[in-house]
Amino acid sequence: MTRVLYPGSFDPVHNGHIEMVETSARLFDEVVVAALINPSKGDGLFDLDERMGLLDDCFDHLPNVSTTSFDGLVVDLAREVGADFIIKGLRAVSDFESELQMAQMNSAISGVETLFLPTASRRSFLASRLIREVARLGGDVSTMVPDPVSRRLADRFTS
Ligand code: PNS
């Protein structure tokens, strides 16, 4: 049995993330999706509990996917949940450098290895930062995020 951990900021989760989880759920026996703090990204839009609530809403149709949130090192969470690997998605070469560095650091401090999955090219422009920005300024992101996220963004920016 292979269990993988798919960590991210998920602020908010978008369709590129959904694709990664659905692919992982096909390839591996169990997938744990975890909302974590990215210390380089500041406060963000939704708090960790809200992000995890949205992850729950998005993945309740996948029986081998569970969700959690964690305020600490991703490798500590990997150990806590018994993950064999960390999964990361790659949208473009620009992701590779920072993801490689994190994968090497995580391997060096814990021995936990990271597997990379490519994102479909039609979703490679999706980024939570841009989705927040477009939604905040009144643009339509409804085709880029799952329905629960679309509704939550509308609540947040129209009230
Ligand atoms: O979606 P993101 O922002 O690219 O995800 C990055 C994340 C949250 C996975 C990364 O910042 C992280 O692992 N944060 C937890 C703290 C940690 O373990 N830092 C050391 C990374 S080498």
Side-chain angles (χ1 to χ4, degrees), residues 2-25 27-28 30-59 62 65-136 141 143-146 148-150 152-153 156:
T2 305
R3 180 179 297 146
V4 296
L5 173 65
Y6 179 53
S9 312
F10 303 122
D11 188 30
V13 58
H14 58 62
N15 290 346
H17 298 131
I18 303 290
E19 178 198 329
M20 286 299 108
V21 175
E22 288 178 344
T23 303
S24 300
L27 293 174
F28 305 104
E30 285 183 20
V31 183
V32 181
V33 185
L36 284 100
I37 301 287
N38 183 337
S40 66
K41 285 191 175 167
D43 276 348
L45 177 63
F46 297 115
D47 68 30
L48 269 189
D49 284 346
E50 288 178 296
R51 296 180 212 176
M52 199 187 94
L54 287 170
L55 290 175
D56 277 339
D57 292 343
C58 296
F59 299 120
L62 294 173
V65 174
S66 59
T67 64
T68 189
S69 62
F70 190 69
D71 186 2
L73 284 175
V74 67
V75 292
D76 287 340
L77 179 62
R79 266 194 291 251
E80 198 174 299
V81 302
D84 300 290
F85 305 106
I86 292 169
I87 296 290
K88 289 294 192 81
L90 292 179
R91 288 167 295 194
V93 176
S94 50
D95 281 341
F96 183 70
E97 243 180 274
S98 61
E99 291 297 349
L100 178 66
Q101 195 174 23
M102 281 194 273
Q104 289 168 333
M105 174 62 85
N106 286 331
S107 173
I109 61 177
S110 70
V112 176
E113 300 297 344
T114 299
L115 303 180
F116 295 122
L117 287 176
T119 307
S121 57
R122 67 185 180 283
R123 300 200 186 90
S124 61
F125 68 98
L126 293 179
S128 298
R129 179 182 62 80
L130 291 179
I131 285 168
R132 289 196 301 273
E133 184 176 316
V134 171
R136 181 179 285 122
V141 293
T143 59
M144 301 167 199
V145 295
V149 175
S150 191
R152 187 68 67 86
L153 287 170
R156 180 61 68 97

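Side-chain atoms are counted along with the backbone in the values below, which use heavy atoms only and exclude waters and symmetry mates. For the single chain, residues carry numbers from 1 onward in sequence order. Whatever order the structure lists ligands and atoms in, that order sets their numbers, starting from 1.
Leu73 CD2, 3.7 Å is the protein heavy atom nearest to atom 17 (C) of ligand 1. For atom 10 (C) of ligand 1, the closest non-hydrogen atom of the protein is Met102 SD, 4.1 Å. Looking only at protein heavy atoms, the nearest one to atom 21 (C) of ligand 1 is Asn106 OD1, 4.0 Å. Scanning the protein heavy atoms around atom 16 (C) of ligand 1, the nearest turns out to be Gly72 O, 3.4 Å.
With sequence neighbours excluded, no residue forms a side chain to side chain donor-acceptor pair (under 3.5 Å) with Gln104.
In this structure, Arg3 does not pair ionically with Asp84, as no charged nitrogen and carboxylate oxygen lie closer than 4.0 Å.
Judged by distance alone, the side chain of Thr119 and the main-chain N or O of Leu90 form a donor-acceptor pair under 3.5 Å. Remark: the backbone N or O of Ala120 is paired with a side-chain donor or acceptor of Glu19 at under 3.5 angstrom. Panel note: side chain Ser128, backbone Pro12; a donor-acceptor pair is recorded below 3.5 Å.
Numbered from 1 in the order shown, with element, the atoms of ligand 1 that lie under 4.0 Å from a heavy atom of Gly8 read 1 (O), 5 (O), 8 (C). Residue-ligand proximity, Met105 to ligand 1, at heavy-atom distances under 4.0 Å covers atoms 22 (S).
Between Val74 and ligand 1, a contact under 3.5 Å exists for at least one N or O pair. Residue-to-ligand polar distances place Ser9 within reach of ligand 1: an N/O pair is separated by less than 3.5 Å. Close N/O approach between Lys41 and ligand 1 is found [any backbone or side-chain N/O within under 3.5 Å].
When distances from atom 7 (C) of ligand 1 to the protein are checked, no heavy atom turns up under 4.0 Å.
Considering Thr114, Val4, Leu77 in turn, Thr114 is the only one that fulfils the side chain to side chain contact (heavy atoms under 4.5 Å, CB included) rule with Ile86.
Residue contact annotation: Ser98 has no non-hydrogen atom under 4.0 Å from ligand 1.
Heavy-atom neighbours of Arg79 CZ from other residues, nucleotides or ligands within 6.0 Å: above the threshold of 12.
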Could you list the donor-acceptor pairs under 3.5 angstrom formed by side chains in residues 38-48, with sequence neighbours left out?
| unit_1 | atom_1 | unit_2 | atom_2 | d |
| --- | --- | --- | --- | --- |
| Asn38 | OD1 | Ser40 | N | 3.0 |
| Asn38 | OD1 | Ser40 | OG | 2.7 |
| Asp47 | OD1 | Asp49 | N | 3.1 |
| Asp47 | OD1 | Glu50 | N | 2.9 |

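For atom 14 (N) of ligand 1, the nearest non-hydrogen atom from the set Leu36, Asn38, Ile37, Val75 comes from Ile37.
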